[in-house]
A.B. asks: 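Attaching a single structure in structure tokens format; questions to follow.
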Amino acid sequence: MKICDPFTILGATEDEHGSNCGLYIAWINQNSGTEHTYSIPRSLIHSNGNEIAATLEGKGLACLIAGRKLLLNFISQVEINILLRSTHKTGWHHLNNQALFMMPNRKIIGSSSHTNSSLILQTGNIHQGQLFTQSGSLSDWQEQIGQYLIGNSRLIFFACAPLAGSLLEMTHIAGGGLHLIGKSQSGKSTALFIAASIWGKGARDGQVRSWRHTGNGLEGIANETSDLCLILDEFGEASAKEIGDIIYMLANGIGKGRANQLGNARSVKTWRSIFLSSGEVTLDQKMNEDQRSSKMGQKVRFMEIPADAGKDMGLFEKLHAFKEAGLFASYLQTQSAKFYGTVGLAFIESLCKARQHNEEQFKQELTNNIEQRTQKLLSSHTTSKDGAIRTIAQRCALIEQAGLLAVEYGIFPFDQTIITQSIEQCFKDWINHNPNMQEHEEKQMILHIKHYLETHGANRFIDITFADTDRTPHRVGYKKKNANGVFDYLILSEAWKKEICKGFDPLQMARILRDHLFLDVPQLDRMKQKVTISSMGDMRCYIVKGEILNYE
């Protein structure tokens, strides 16, 4: 009985822990003659018997329906003495004391031919990395795109940022996002197309993805871009309900924990990457659609940069030989879809050589340069000691360092001064766009309490005068009139922690209300007061002053 078209077994696979076993095979598409390889995860044999055959069939390896079980039995039982190391993640790996880089399309950079055949990307997704392709030469990109970035700070920033993801592993800096915010037709998408051309096709059918994904869907995409860059356009299409969690997930580099059918934890997807975004709405506006407010942690992980560069040309500051911004944008978009993918490869190849020469020295110099530049950005543009601002400055310094290395390696066709000036300009504009990050967080907390009292003050708080007879369901506290005839709200301890301050630190919330004179406290270090309720006895409550309802 014929089971399927012929294929060659190249080896058995498992990761460094002896898990995630698989079978690495190769075959030729009988129709086109195209050569394919694929590492079949053995776990798929029992999860869904049709999935393996369907995957192979999709790449031209014909699998007969009647022979499906025989194919699975063969994959399960075949013995082979060639053992290859597998990994489920792209990016940097160390094998035989050698740093090498696994591209999403399974190409390995920085390794000898022996090492190249010993590390296999095994994700279960046969289409993995199809968007990481090249067109034209590096000199084509430099001449047709690179030289036109000069004089445009946003374009330089978004050309450097995709390279910065490959420095995260060496510097131990957390990932994060950049978000271009501005009106339609201001050049935002052009910046994303140029960024996309670093690793693949600079177009919406290439590296530029859509925000119209669930958090679960973005997990798989982020995992594919580990140590690289994830590019998402049209922020307005993102889910208002999920966006806060998605930003945390993308920046923190870890997916959602899940259980299998037995209740045991499944392996969690992880990654390291810089993600880029653009849109006409801010994070605050998007979260307000779901009646939520942003938190400091989200604002820090999602650096919002105004697209308007202040030259009455939208994002652009210099049009070179073009008569108007629209023509310039159209040209750059066309070229980004024509010449692409070579910059990233050249950068990784250069990084591999630098690491092989003296890895520890290279990493130390990299870390020192980023720290020095972080301090310089802070001292030059702000007097704040806030940690959030320092995190943004460090991310800018990381991106700048990637650009400086690209110039040093002869990849970017301009000098390092242009990189430094452009990154500094974008950081300065971010500072002006976010005059006080700390005030933002405090304001969001106060508005959160105000909104809760406006919504539930009439139906979930008992007038203390009628505490004995009132039977208000789902009570969270009491209210009583103060000397000004305005209701103050006495909030029960557990309700304060579990419901009213949900999503925030309850103690921090109390301190902020105290500092803004919206919390009645007996002493500065005591947030709660003892209150006597006739039907309940003595209770300790948070007393929020009614004047908070006038806060803007």
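The residues of the chain are indexed from 1 along the displayed sequence.
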A.B. asks: Is the closest side-chain donor-acceptor distance between E424 and H381 under 3.5 Å?
C.D. replies: yes
A.B. asks: Under 3.5 Å, is there a donor-acceptor pair between the side chain of E547 and the main chain of V486?
C.D. replies: no
A.B. asks: As a quick check of understanding, evaluate side chain to side chain contact (heavy atoms under 4.5 Å, CB included) for I243 and W211, giving each step before the final call.
C.D. replies: CA-CA 10 Å; I243 190 60; W211 267 108; 3.6 Å; yes
A.B. asks: Under 3.5 Å, is there a donor-acceptor pair linking the side chains of N368 and Q364?
C.D. replies: yes
A.B. asks: Keeping S226 on the side-chain end and A222 on the backbone end, is there a donor-acceptor pair under 3.5 Å?
C.D. replies: no
A.B. asks: Taking atom types as modelled, find out whether E365 and Q361 have a side-chain donor-acceptor pair closer than 3.5 angstrom.
C.D. replies: yes
A.B. asks: Looking at side-chain heavy atoms only, is the closest gap between L405 and L366 below 4.5 Å?
C.D. replies: yes
A.B. asks: Can any side-chain N or O of W199 pair as donor or acceptor with the backbone N or O of P162 at less than 3.5 Å?
C.D. replies: yes
A.B. asks: What orientation do H516 and F518 show, parallel under 30°, tilted 30 to 60°, or perpendicular over 60°?
C.D. replies: parallel
A.B. asks: Could you tell me whether a side-chain N or O of S166 sits under 3.5 Å from a main-chain N or O of L163, the two making a donor and an acceptor?
C.D. replies: yes
A.B. asks: Evaluate the salt bridge (Lys or Arg N to Asp or Glu O under 4.0 Å) criterion for residues R272 and D227: first the C-alpha distance (whole Å), next the side-chain angles of each, then the deciding distance (0.1 Å), finally the verdict.
C.D. replies: CA-CA 5 Å; R272 294 176 295 257; D227 287 334; 2.7 Å; yes
A.B. asks: With a 6.0 Å cut-off on the ring centroids, do H179 and F235 count as close?
C.D. replies: yes
A.B. asks: Between the main-chain N or O of I156 and the side-chain N or O of S422, is there a donor-acceptor pair closer than 3.5 Å?
C.D. replies: no
A.B. asks: Using distance alone, with no hydrogens and no angle criterion, decide if E359 and H94 have a side-chain donor and acceptor under 3.5 Å apart.
C.D. replies: yes
A.B. asks: Can you find a side-chain donor-acceptor pair between E317 and S153 that sits under 3.5 Å?
C.D. replies: yes
A.B. asks: What is the ring orientation for H320 with F328, classed by angle as parallel under 30°, tilted 30 to 60°, or perpendicular over 60°?
C.D. replies: tilted
A.B. asks: For the residue pair S189 / D233, report whether a side-chain donor-acceptor contact shorter than 3.5 Å exists.
C.D. replies: yes
A.B. asks: Quick one: pull up CG in L345 and CD1 in I109 and give me the separation to the nearest 0.5 Å.
C.D. replies: 5.0 Å
A.B. asks: Quick one: closest heavy-atom pair of S350 and I411, and the distance?
C.D. replies: OG-CD1, 4.4 Å
A.B. asks: Any side-chain donor-acceptor pair under 3.5 Å between Q144 and Y331?
C.D. replies: yes
A.B. asks: Judged by atom type as modelled, is there a donor-acceptor pair below 3.5 Å linking the side chain of N434 to the main-chain atoms of W430?
C.D. replies: yes
A.B. asks: Taking NZ in K338 as the centre, count heavy atoms belonging to other residues, nucleotides or ligands within less than 6.0 Å. Is the count above 12?
C.D. replies: no
A.B. asks: Using a cut-off of 6.0 Å, state whether more than 12 heavy atoms not belonging to K428 lie near its atom NZ.
C.D. replies: no
A.B. asks: Distance alone, cut at 3.5 Å: any donor-acceptor contact between the side chains of T225 and W271?
C.D. replies: no
A.B. asks: For the pair E400 (side chain) and R373 (backbone), establish whether a donor and an acceptor sit closer than 3.5 Å, ignoring hydrogens and angles.
C.D. replies: no
A.B. asks: For Q298 and S294, indicate whether the former's side chain and the latter's backbone hold a donor-acceptor pair under 3.5 Å.
C.D. replies: no
A.B. asks: Just verifying a value: how many Å separate E219 CD and E224 CD, rounded to the nearest 0.5 Å?
C.D. replies: 14.0 Å
A.B. asks: Is it true that atom CD of E454 has more than 12 heavy atoms of other residues, nucleotides or ligands lying nearer than 6.0 Å?
C.D. replies: yes
A.B. asks: May I ask you to check if R355 and W92 form a cation-pi contact, with NZ or CZ under 6.0 angstrom from the six-membered ring centre and within 45° of the axis?
C.D. replies: yes
A.B. asks: Go through the side-chain N and O atoms of Q394 and T374 and say whether any donor and acceptor fall under 3.5 Å apart.
C.D. replies: no
A.B. asks: Can we call the ring centroids of Y489 and Y542 under 6.0 Å apart?
C.D. replies: no
A.B. asks: Could you tell me whether a side-chain N or O of R514 sits under 3.5 Å from a main-chain N or O of L524, the two making a donor and an acceptor?
C.D. replies: yes
A.B. asks: Strictly by modelled atom types, are Q508 and D505 linked by a side-chain donor-acceptor pair under 3.5 Å?
C.D. replies: no
A.B. asks: Answer yes or no: is there a donor N or O on one side and an acceptor on the other, between the side chain of D290 and the main chain of R292, under 3.5 Å?
C.D. replies: no
A.B. asks: Can you tell me how far CE of M527 sits from SG of C541, rounded to the nearest 0.5 angstrom?
C.D. replies: 15.0 Å
